[in-house]
Each structure stands twice: as C-alpha cells, then as structure tokens.
Chemist: 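Okay, here's the structure, questions in a sec.
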Amino acid sequence: MNARPFAHGPGTLAPPLLALALAGTLVAWALPAHLPGWRTIGIVSAWAGTGLLVASLMLMVREPRLARWLGGLEAMYRWHHRCGVGGYVLLLLHPLALAQDAWQEQPARAWQMLSPWAQEWPVRLGWVALLALMFGLAVTFAPRVGYRRWRGVHVLLGPAVLLALVHVLVLLGHEWLPWAAIAAAVAGFGWRVLVSDFGLRALPYRITAVGHPAAAMVETTLQPLAGAMNVTPGQFVLARFLDSARYHACGEYHPFTVSGIGADGSLRLTIKALGQCSSQIQSIAPDSLVRLQGPFGSFLDGPAARPRLWVAGGIGITPFIAALRQGPCAQPTTLVYLFRRAADAAFADELRGMAAADPALKLVAEATGDRPPDLEALLSPLAGVAGREVHVCGPPALVHALLPLLHRQGVRDEAIHHESFDFR
Ligand SMILES: Cc1cc2nc3c(=O)[nH]c(=O)nc-3n(C[C@H](O)[C@H](O)[C@H](O)COP(=O)(O)OP(=O)(O)OC[C@H]3O[C@@H](n4cnc5c(N)ncnc54)[C@H](O)[C@@H]3O)c2cc1C
C-alpha cells in the first residue's frame with residue numbers, strides 16, 4: 001500500500017518520534033561516562049539499535065486507533081522497515097566497535113571479541129540474534145520471494161529481537177530499563193500475532209449476497225452479526241473468510257478496500273483473483289462467515305471543496321465506487337477508469353448510470369489492452385488538472401507512470417494521493 005494522505009496526516013511524525021524517544025531513552029540511561037571512544041560507540045550503538053528494534057516491533061501493531069494516531073498503517077509500515085534496518089546496522093556496529101576497542105589494547109583480544117566460540121553463552125545469544133536478524137532482513141530485500149515465504153521468515157525477526165534483549169538482560173543483570181524494553185517488545189509482537197494475525201478482536205459478519213462484477217472478481221455483501229464498523233469510503237478492512245460446508249478458506253487476514261457501505265452497517269468487498277487466497281475467495285458462497293478488523297486508511301480524505309480527478313486501474317476502482325454509491329458528487333469529479341478488456345471492467349454499467357444521472361460526475365472509461373496506457377493522451381483533454389485534488393488507485397506501475405505526468409501538469413505534491421494495494 002502506498003497512500004499519500006498518510007504522508008500529510010497529523011500523525012506522520014509520530015512513528016519517527018516514537019523511535020527516537022525509545023532509542024534516546026535507552027542511550028541516555030546507558031550512556032557511559034569516562035570510557036574510551038570505541039567502547040562508548042559500542043555501548044551507544046547497542047542501545048540505540050535496541051530502541052529502534054523495539055520501536056520496529058511496536059510499529060507492526062495493526063490497531064485502528066493506534067494507526068490513526070501514528071499517521072496510518074502505511075506510515076507505520078514505512079517506519080517499521082526503517083527502524084528494523086537502522087537497528088540492525090547499529091547492532092552490527094556494536095561488536096565491531098567493541099572489537100576495535102579491544103584491538104587498541106591487544107589485537108588477539110579483538111579476535112576473541114569477534115569469535116562466538118571464545119565467548120560465554122550470553123554473548124553467543126547476541127550473535128544468534130544478530131544472525132537471525134540478518135537472515136530475516138535479507139529476505140525482506142528479496143522482492144522475488146513469494147509473499148507467504150517472505151512472511152514466514154519475516155515473522156522470525158520478532159523472536160530475534162527478543163533474543164537480543166535477553167542477551168542484554170543476562171549481561172546487565174536485572175536492571176529495570178531492559179525489562180521495560182522487553183515488555184514493550186513482547187507487547188508489540190504479542191499484539192500483532194494474537195490480535196492482528198489471529199484476529200482476537202475481529203468482528204463477525206455474514207455474507208448475504210455474492211456477485212461476479214467482472215472476470216476473476218467476486219463482490220460479497222457482508223452483514224454485521226455483532227457491532228458494525230464505522231467505515232468511510234476509501235478505507236480498507238482486514239478480512240478473513242471462514243470455512244463453510246461449501247467453501248474451504250485460506251484462513252488468513254487480507255486487506256480489502258470497501259466497495260460499498262450500507263446505511264444498515266453492511267459492507268461490500270470486491271476481490272480480484274490475484275493470488276492463492278484471493279483466487280480461493282472467488283468460490284465463496286452466501287451464508288459463509290467473515291471476520292473483519294479495521295477500518296484503516298484515509299485514502300479519499302482531502303479538502304472537500306476542490307474539484308477532483310480520480311484515476312482507477314483495474315481493481316483500484318473499489319474506493320471510488322464506494323464513494324459514488326454514497327450519492328451524487330458534492331464537487332466536480334472526473335473518474336478515469338482504466339482496464340485491460342471490457343470483461344475486466346467491474347461496475348462499468350453502474351458507473352455509466354451514475355455519470356448519466358449526476359452532472360458533477362464525468363466518466364472516462366478506457367480498455368487499454370495489454371500495453372501501458374497513453375496517460376498523456378488521456379489527461380490532456382481534461383480541463384484544470386492543476387487545480388484538482390488527485391486520487392490514484394491501481395497497480396504500482398500505473399501510479400509510478402502517472403505521478404511525473406501530474407507534476408508536469410502543475411498538480412502540487414500535497415494534492416496527489418495514491419494507493420497501490422500492496423504492503424510488505
Ligand atoms: C490497502 C489495500 C487495499 C486493498 N484492496 C483490495 C480490494 O479492494 N480488492 C482486491 O481485490 N484487492 C485488494 N488489495 C490487494 C489484496 O489484499 C491482495 O490481492 C491479496 O491480499 C492477495 O493475496 P493472495 O493470497 O491472493 O495473493 P498472493 O499471491 O499471496 O499475494 C500477491 C500479493 O498480494 C499482497 N498480499 C498478499 N497477502 C497479503 C496480506 N495478508 N496483506 C497484505 N498484502 C498481501 C502481497 O503484495 C503479495 O505480493 C488491497 C491491498 C491493500 C494493501
């Protein structure tokens with residue numbers, strides 16, 4: 001996912017501030033006095049790295065209120081990665097700086113410092129944690145690794161951070177701050193696994209209708225069984241479809257933007273078969289149960305009074321159809337809807353009907369085939385692009401091709417919001 005609105009939200013600075021506060025507190029607490037330079041670097045890098053790794057674990061939590069406070073899930077994920085990488089680099093510096101310190105005393109001691117075999121088990125624990133972190137991060141930087149394999153390895157980073165903290169605790173004795181850091185790391189990791197991945201606080205919904213608005217696409221209507229979520233157009237939920245007599249579920253939570261919001265609390269989700277789980281969902285039947293977490297995001301938020309340009313690529317139509325289903329547009333809106341072939345165009349007739357009935361809505365629907373669309377030709381007939389609030393939702397390639405074009409047409413950076421249905 002790559003949603004610009006998060007980048008301008010009030011909480012955008014919150015994730016880096018959280019990371020700085022954690023790293024800063026630990027460094028201030030542990031800052032040694034009157035130690036040689038390299039030894040000081042070794043200790044400061046260890047604590048700063050530990051603080052960043054704890055922040056990284058806390059930024060994995062998917063909780064709607066926390067996510068709003070921290071500037072949205074996308075900002076949290078961005079800083080989760082940055083803190084993870086920064087923390088790892090600092091922790092790598094830790095043994096090297098200590099070895100450099102030992103070298104100045106006696107070269108043989110430097111080798112001893114770097115050899116896990118020459119050390120006691122608490123130090124070996126630190127090496128195991130460092131290796132586990134290296135392995136987990138290497139997979140993070142390998143985009144070709146499939147999503148499931150990547151997740152399986154990535155999740156090991158949580159225990160690796162805990163190992164690093166136990167290493168600290170054993171070496172330092174029972175000081176209160178390492179314990180507090182362990183508690184924060186366990187809370188972040190535990191919340192993510194139990195509440196987010198197992199869905200302890202997810203709300204149950206029942207599927208009341210199933211339709212197929214386009215090829216390899218299913219739209220489900222969900223009725224709340226307990227509390228209903230308060231969702232606005234442009235937001236997404238994490239949905240886990242459950243097993244039923246006629247349906248075998250993949251059992252994972254996946255993010256889907258709502259494509260319809262009913263006054264009775266019902267929600268619609270439109271899902272394209274893009275991989276293993278979303279292909280399985282195509283055969284979902286009415287009466288199946290779904291558990292939802294959220295809502296998250298603020299993709300369609302923005303100054304209400306400005307004319308809008310919406311660009312949807314394929315399944316990226318979902319936030320826009322959800323907004324249009326709420327009623328006529330309050331401001332002039334042009335929706336450019338790109339799809340490969342007519343059979344792939346979900347809601348095409350519904351959108352044409354809306355455009356015919358709403359003078360504020362202009363629809364440009366275009367089948368582009370398998371080649372990249374000529375975006376310049378599509379945008380140039382549109383009047384006053386520079387003065388519009390622009391929202392783009394579609395494949396990353398579409399978003400990346402469109403951004404420089406919009407900038408050239410004079411659209412300000414703050415007026416561009418994009419979402420590309422992808423987060424790792
Ligand atoms: C904010 C957001 C909103 C989305 N809204 C919609 C929508 O309205 N309709 C729709 O059809 N699709 C939507 N998607 C995409 C949808 O989540 C993926 O297509 C789906 O999760 C793919 O899972 P899979 O097992 O079928 O595919 P896989 O082949 O396993 O994965 C394909 C890609 O999907 C992404 N993905 C897979 N599992 C997850 C997961 N649990 N969490 C996050 N990303 C994952 C990864 O980038 C992965 O590389 C949205 C994605 C995001 C991030």
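What you see is a predicted model, and the numbers here were worked out from it, not measured in a lab. Just follow the structure's listing: the first ligand is 1, and inside any ligand the first atom is 1.
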Chemist: Could you tell me whether D264 atom CG has more than 12 heavy atoms of other residues or ligands within 6.0 Å of it?
Modeler: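 Buried by this count: over 12 neighbours within 6.0 Å.
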Chemist: Are V258 and P295 packed together at the side-chain level, in the sense that at least one heavy-atom pair is separated by less than 4.5 angstrom?
Modeler: no
Chemist: Between T270, L274, I271, which one has a non-hydrogen atom sitting closest to atom 19 (O) of ligand 1?
Modeler: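 It is L274 that holds the nearest heavy atom.
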Chemist: Should the ring pair H154 and W150 be called parallel, tilted or perpendicular, given that the plane angle runs from 0 to 90° and is split at 30 and 60?
Modeler: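 Ring orientation, 0 to 90° scale: parallel.
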Chemist: Please say whether I315 places an N or O atom under 3.5 Å from an N or O atom belonging to ligand 1.
Modeler: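 No, there is no polar N/O contact under 3.5 Å.
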Chemist: As a check for students: among I281, L238, T257, L73, identify the option with a heavy atom nearest to atom 5 (N) of ligand 1.
Modeler: T257
Chemist: Measure the distances from the heavy atoms of Q276 to every atom of ligand 1 and state whether one is below 4.0 angstrom.
Modeler: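 Yes, Q276 has heavy atoms under 4.0 Å from ligand 1.
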Chemist: Quick one, H391 and F320 - any side-chain contact, counting heavy atoms below 4.5 Å?
Modeler: yes
Chemist: Quick check with a 6.0 Å cut-off and a 45 degree axis cone: is R124 positioned over the face of W121's six-membered ring?
Modeler: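 No, R124 does not sit over the ring of W121.
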Chemist: Please identify which atoms of ligand 1 are closer than 4.0 Å to at least one heavy atom of S278.
Modeler: 24 (P), 26 (O)
Chemist: Quick check: does K272 get an N/O under 3.5 Å from an N/O on ligand 1?
Modeler: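 Among all N and O atoms of K272, at least one is under 3.5 Å from an N or O of ligand 1.
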Chemist: Determine the sole option in L156, V161, V85, V128 for which the side-chain contact (heavy atoms from CB on, under 4.5 Å) test with L133 is passed.
Modeler: V161
Chemist: List ligand 1 atoms under 4.0 Å from Y253, heavy atoms only on the residue side.
Modeler: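 Those of ligand 1 that fall under 4.0 Å from Y253 are 41 (N).
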Chemist: Looking only at N/O atoms, are G275 and ligand 1 under 3.5 Å apart anywhere?
Modeler: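 In this structure, G275 places an N or O atom under 3.5 Å from an N or O of ligand 1.
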Chemist: Would you check whether T318 has a nitrogen or oxygen atom less than 3.5 angstrom from a nitrogen or oxygen atom of ligand 1?
Modeler: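 Checking ligand 1 against T318, an N or O pair does fall under 3.5 Å apart.
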Chemist: Can you list the steps and then say if R341 with D370 is a salt bridge (Lys or Arg N to Asp or Glu O under 4.0 Å)?
Modeler: CA-CA 9 Å; R341 279 162 276 278; D370 290 327; 3.0 Å; yes
Chemist: Side chain or backbone of F236 under 4.0 Å from ligand 1, or both, or neither, by non-hydrogen atoms?
Modeler: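 Side chain only; the backbone of F236 stays clear of ligand 1.
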